[in-house]
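Written out below as structure tokens is the structure these notes cover.
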Amino acid sequence: MDRDVRSVVRAFIATRLAPSAGRDEIADDEDLIDTGVVNSLGIFQLVAFLEQRFQIAIGDEEITPENFGTIDGIERLVASRIAARAA
Amino acid sequence: MAYLLQQLLDVSADRHPDKPAVRARERSLTYAELHARSSQLAHLLRAQGVARGDRVGLFFPKAVESVVAMLGVLKAGAVYVPLDPHAPTRRLGAIAENCGISALVTTAERLRTLEPRALRCAVLVSGEPRAAHEIAWSALDAFPTSAPPDGGVETDLAYILYTSGSTGQPKGVMLTHRNALTFVDWCAATFAITADDRLSNHAPLHFDLSVFDIYNALGAGATVSLVHEELTVFPRRVADFIEQHGITVWYSVPSALVYLLLHADLAARDLDRLRLVLFAGEVFPMKYLQQLADLLPRAELYNLYGPTETNVCTYHHVDRWRLAGQDRLPIGRACANTEVLVLDADGRRVAPGEVGELYVRGPSVTPGYWGDAEKTRRALVPNPFQPHLDERLYRTGDLVTLDEHGELVFLGRRDNQVKSRGYRIELGDIEAALYAHPAVVEAAVVATRDEDLGSRLRAFVALKPGEDVTPASLQAHCAGLVPRYMVPETINVRDSLPKTSTGKTDRARLTAEGEV
């Protein structure tokens with residue numbers, strides 16, 4: 001499961017967000033905010049995508065630099081929301 | 001009365017030396033410190049050979065040094081050019097080339113990505129110098145803390161702001177000290193900004209909205225808190241910032257306020273200190289404006305209007321009691337010392353209720369575009385009502401009408417310029433970027449309406465036979481040529497683009513397809 005989430009998140013960022021920021025390779029621990037890969041527009045495209053793709057709900061209070069600053073952080077958030085859904 | 005922008009700081013530094021002038025990223029500078037630091041930078045720039053009227057690029061993320069740099073350049077008698085820290089290198093290179101940037105205030109890291117040809121010196125706000133023309137920030141310490149004498153006059157250029165140009169080249173709007181002060185003086189009188197106010201600066205520094213935040217704060221002896229770039233990604237953090245900094249005056253594009261409204265739980269916050277909320281740059285969706293007005297019962301709301309070329313030229317005070325019955329928010333009436341005219345295609349005034357193009361005259365209007373006499377001639381036309389004076393009107397390209405209350409209402413554009421999150425975008429600029437790709441034979445970009453953002457960009461391209469290029473790689477190609485906000489959100493690749501009966505690309509049809 002974990003590997004699936006990671007590869008889906010990576011693919012979305014690589015095809016939908018990174019190109020318009022002029023980037024190709026994004027490391028899993030790279031800062032997505034400083035590099036401009038996730039900006040004020042991209043963040044809500046990303047949230048909408050994650051909610052739909054994984055059938056989870058992401059609250060506004062979860063839209064933080066800790067959760068969305070890196071691919072690692074996004075994966076942790078999605079995994080915890082999936083776990084919450086299953087519980 | 002100040003006739004140069006830096007004189008606003010002189011007065012406030014004298015009256016409020018120990019008050020915080022600017023805050024950013026957990027740091028702050030008092031008026032005395034800002035005055036001393038910017039004077040030192042002015043001396044340093046002059047010692048490096050920066051002369052009156054030279055262009056100095058400011059190229060680093062927002063920090064207290066941003067304001068030091070703006071004032072330091074002005075005190076040196078030079079002209080500052082704020083560069084978008086997230087714009088592609090090639091575009092920044094074109095800007096540096098266009099206006100001949102000879103000095104930069106930047107970071108060591110960013111300097112490696114942009115080394116203008118005419119560069120004489122680079123002052124580094126962070127990082128270690130590697131060459132003789134690179135100077136560490138600590139070198140400022142050696143210079144006098146009192147300003148060099150002002151030799152300039154109010155018609156000297158103060159800064160140049162680059163905006164999207166229709167042919168793929170950004171155009172540099174030149175603004176004089178008088179242009180900016182006309183606006184700042186009007187604001188001070190209209191909004192009664194005082195030393196007790198705390199202003200935010202949400203807009204990027206290369207965006208004209210920031211002129212309001214910085215210079216109104218300095219003029220009143222108030223504090224300006226810069227909302228740094230990474231913070232703007234997270235609406236809740238921005239709302240925390242407003243509370244923590246006790247912001248009393250907020251100015252931004254409507255979409256930033258809409259994001260706060262939708263995602264920052266404003267109802268649960270203490271925003272009573274916010275007395276003035278101003279917005280400009282695009283049309284505020286009425287349903288959200290009503291919600292915002294309800295959430296901020298104590299704040300006065302204003303819609304400001306004006307292309308970068310005029311700073312702000314009209315304003316409308318939002319009337320809470322009229323909101324429910326309004327389907328469009330007026331852009332209002334002319335600011336003081338500004339006249340607006342609504343003219344038809346033959347240059348005659350149109351009657352109230354009829355549609356015409358908006359023209360602007362007065363001391364807030366730009367003298368033109370840097371190094372582009374042709375564009376300047378087209379945008380600044382002789383005033384037909386002043387045949388004996390060589391006076392120019394700025395032609396906005398915006399179609400407006402005068403409503404029954406004597407207020408102007410914006411109806412649309414006469415050309416292919418669109419707005420997204422307040423940014424001015426020439427669709428031709430993006431099409432030029434797409435055509436620069438070797439596989440592209442036809443390209444059209446349309447803007448579809450979006451409630452939250454103003455508009456979304458959709459591109460349609462036809463490729464050379466046999467070429468196989470993905471939308472993502474075309475987006476990456478565009479990102480190398482135009483800023484992020486101009487990269488189309490979707491790129492639709494097809495064999496050919498639909499044509500009208502006259503053989504032109506059928507934009508109406510593509511727009512309709514894009515809306516789906």
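Naming: A, B, ... by sequence-line order, numbering from 1 per chain.
Residue B/His86 touches chain A through its side chain alone, counting heavy-atom pairs closer than 4.5 Å. The part of B/Pro235 that comes within reach of chain A is its side chain, from C-beta onward, which places non-hydrogen atoms under 4.5 angstrom from that chain. Contact of A/Thr35 with chain B is made through the backbone alone, with heavy-atom distances under 4.5 Å. Only the side chain of A/Ile43 comes within less than 4.5 Å of a heavy atom of chain B; its backbone N, CA, C and O stay farther away. With a 4.5 angstrom heavy-atom cutoff, A/Gln45 touches chain B only via side-chain atoms. Heavy atoms closer than 4.5 Å to chain B are found nowhere in A/Val47, neither backbone nor side chain.
Under 4.0 Å is where a charged nitrogen must lie from a carboxylate oxygen, and between A/Glu66 and B/Arg237 at least one such pair does.
If you check the side chains of B/Arg421 and A/Ser40, you find a donor sitting under 3.5 Å from an acceptor.
Around CZ of B/Arg112, the count of heavy atoms belonging to other residues, nucleotides or ligands within 6.0 Å exceeds 12. Counted within 6.0 Å of CD on B/Glu115, heavy atoms from surrounding residues, nucleotides or ligands total more than 12; the atom is thus considered enclosed.
Going from atom CZ of B/Arg236 over to atom CD of A/Glu62 covers 9.5 Å, rounded to the nearest 0.5 Å.
B/Glu426 meets the salt bridge (Lys or Arg N to Asp or Glu O under 4.0 Å) test with no other residue; sequence neighbours excluded. Listed by chain and number, the residues in a side-chain hydrogen bond (donor to acceptor under 3.5 Å, both in side chains) with A/Glu30 are A/Arg23 (sequence neighbours excluded). Applying the ring-ring contact (aromatic ring centres under 6.0 Å, His included) criterion to B/Tyr423, with sequence neighbours excluded, gives B/Phe207, B/Tyr485.
Interface with chain B: from residues 13-20 of chain A, residues A/Thr15, A/Leu17, A/Pro19, A/Ser20 qualify, criterion being any non-hydrogen pair under 4.5 Å.
With respect to chain B, the highest number of heavy-atom pairs below 4.5 Å among A/Ile33, A/Asn39, A/Asp34 belongs to A/Asn39.
A heavy-atom distance below 4.5 Å is found between the side chains of B/Tyr259 and A/Leu41. Looking only at side-chain heavy atoms (C-beta outward), B/Val233 and A/Val38 come within less than 4.5 Å of each other.
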